[in-house]
Amino acid sequence: MKKIIFIAEIFLLAFALFSCSKEEVPAREFLNDKSTPVARYGALSVKGVHLCGQDGNPVQLCGMSSHGLHWYGKYANKNVMKWLRDDWNADLWRAAMYVGVDGGYVSNPAIANKVIESIEAAKELGMYVIVDWHVLPDRDPLLYANQAAEFFDRIASTYASLPNIIYEICNEPNGDEVTWKDNIKPYAEKIIPVIRKHCDNVIVVGTPRWSSDLASAAASPIDGQKNIMYTLHFYAGSHGKSGQKTLKKALRKGLPVFVTEWGTTKDSGDGGVFEKETLAWMRLLAKKKISWANWSVNNKGEDSGVLRFNKDRDAKGGWQESDLQPSGVFVRKIMRGDVEY
């Protein structure tokens, strides 16, 4: 009898452990819900470390980022976004508008029209859209802070009542001389009030070293503002356990994090697809309900792009698997719930 009871206890313990492990990494629970993302979650807010829907419950949004709109803006259209929503189960689209490069906003302010096209499409489709001020080669967000203030005032005033927009005010500040204390935080403290004149939408602030240094922001977060999150970027082939440790530590300190960009490859954009390493990140992000956008929708031929090189009909959506790069095939499976992690 004792042996039977002992065996039964082992079985129950194993079942309990199995059940808990499944609960820790929830599936994308809406996959059978045919309503739009905005209909499901409504106006977003930040509570503690979580991005929450209008009901106050934590949500995990998943979607795709454009590449630079001045290079691959043809994909920032309603047809592509609808395809990503309906076929890939994308909740969001990130409109990545480079700032200081040739053809970026500073030299070509008209590129903002591609951001506006993305916003209008998201409005019609019930998707969320990240408006990304894509600081990268310009390194220091303070360099073009006046232009940023002008741009965000324009967007926030025009779409003040729209719950769909998430404002990413500086993509990847970088360089040893560009610090949280002296550059990024002062920039954020200048731009956030510009947006807050018009709306309370979620604002995501970049962090030092290509948005990998959460510790600096956690040590001195922005005071007196609500609905603020902080950016972590990773590429699965280059950033592994150390990056995950950084994320966990920041969350323990109470820092709300949004992964506005990640890739399946090395941080060069190439090097092949690191499936095992990607799934380790997906498990963690799902467990912590951290939202993300994958880099990126382009056909330039880099491994992190989702489309094969130089497809002629790919700017309308409707892609077959043969149209996709290995990363595109893999990310689509993740977003559709076809891969267990």
Side-chain angles (χ1 to χ4, degrees), residues 14 17-31 49-51 58-65 88-92 94 130 172 204 206-215 217-218 229-297 302-306 324-341:
L17 290 172
F18 176 78
S19 299
C20 288
S21 66
K22 288 294 185 182
E23 291 174 356
E24 286 179 351
V25 185
R28 300 192 70 199
E29 62 272 10
F30 65 83
L31 291 179
V49 298
H50 292 115
L51 180 67
V59 300
Q60 184 193 29
L61 304 180
C62 303
M64 294 301 305
S65 177
W88 291 42
N89 290 323
D91 302 306
L92 64 86
R94 180 183 186 234
I130 299 175
E172 287 187 354
V204 187
T207 56
R209 296 202 298 272
W210 295 275
S211 285
S212 68
D213 176 13
L214 295 174
M229 304 189 81
Y230 301 85
T231 309
L232 175 68
H233 289 178
F234 70 85
Y235 283 78
S238 298
H239 313 114
K241 291 183 179 179
S242 63
Q244 294 161 23
K245 183 177 179 180
T246 295
L247 172 58
K248 293 175 185 177
K249 188 173 181 179
L251 293 173
R252 287 196 297 270
K253 290 189 174 184
L255 196 74
V257 177
F258 198 126
V259 176
T260 56
E261 179 179 319
W262 70 271
T264 62
T265 64
K266 292 184 177 181
D267 55 12
S268 65
D270 286 308
V273 175
F274 291 77
E275 292 192 5
K276 179 180 177 182
E277 291 80 0
T278 293
L279 292 179
W281 275 104
M282 293 298 100
R283 283 193 294 272
L284 177 59
L285 299 186
K287 180 179 178 180
K288 302 297 184 182
K289 279 193 172 292
I290 294 176
S291 298
W292 54 255
N294 176 255
W295 183 269
S296 67
V297 179
E302 67 180 3
D303 291 341
S304 62
V306 301
L324 304 178
Q325 296 250 77
S327 185
V329 173
F330 188 47
V331 173
R332 177 176 178 267
K333 287 180 179 179
I334 291 171
M335 293 175 65
R336 287 168 58 90
D338 295 336
V339 177
E340 292 186 6
Y341 53 85

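Just so it is clear, the values below take in all heavy atoms, side chains as well, and ignore hydrogens, waters and symmetry mates.
Using modelled atom types, no side-chain atom of D91 and backbone atom of G63 make a donor-acceptor pair closer than 3.5 Å. Side-chain atoms of R94 come within 3.5 Å of backbone N or O of T260 as a donor-acceptor pair.
With sequence neighbours excluded, no residue forms a salt bridge (Lys or Arg N to Asp or Glu O under 4.0 Å) with E172. For W295, the ring pair (Phe, Tyr, Trp, His ring centres under 6.0 Å) partners are H67, H134, not counting sequence neighbours. When the side-chain contact (heavy atoms from CB on, under 4.5 Å) test is applied to A215, the partners found at least two apart in sequence or on another chain are D213. Considering only residues two or more places apart in sequence or on other chains, F234 meets the ring pair (Phe, Tyr, Trp, His ring centres under 6.0 Å) condition with W262, W281.
Side-chain atoms of T278 and Y341, non-hydrogen and from C-beta on, never get closer than 4.5 Å to each other. Side-chain contact between N294 and W292 is present, with at least one heavy-atom pair separated by less than 4.5 Å.
Paired with F258 under the rule side chain to side chain contact (heavy atoms under 4.5 Å, CB included), one option of T231, I290, L232, L51 passes, and it is L51.
Across all non-hydrogen atoms, the minimal contact from Y230 to A217 is CD2-CB, 3.8 Å.
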Pair K288-V49, side chain to side chain contact (heavy atoms under 4.5 Å, CB included): steps then yes or no: CA-CA 9 Å; K288 302 297 184 182; V49 298; over 6 Å; no
Test side chain to side chain contact (heavy atoms under 4.5 Å, CB included) on E302 and S296 and set out the steps. CA-CA 10 Å; E302 67 180 3; S296 67; 4.2 Å; yes
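Here the CE-CZ distance, from M64 to R332, works out to 12.5 Å after rounding to the nearest 0.5 Å. Going from atom NZ of K333 over to atom CE of M335 covers 15.0 Å, rounded to the nearest 0.5 Å. With values rounded to the nearest 0.5 angstrom, S65 atom OG is found 7.5 Å from I130 atom CD1. One finds the CD atom of E340 at 16.0 Å from the CE atom of M282 (value rounded to the nearest 0.5 Å).
A donor atom on one side chain and an acceptor atom on the other are not found under 3.5 Å apart for S327 and Q325. Side chain to side chain, S212 and H233 fail the donor-acceptor criterion of an N or O pair below 3.5 Å.
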Just distance, no hydrogens or angles: give the donor-acceptor pairs under 3.5 Å from side chains in residues 265-273, sequence neighbours left out.
from, atom 1, to, atom 2, distance (Å)
D267, OD1, S238, OG, 3.4
S268, OG, D270, N, 3.2
D270, OD1, D303, N, 2.9

Report, one line per pair, each donor and acceptor closer than 3.5 Å where one atom sits in a side chain of residues 246-256; sequence neighbours left out.
from, atom 1, to, atom 2, distance (Å)
T246, OG1, S242, O, 3.0

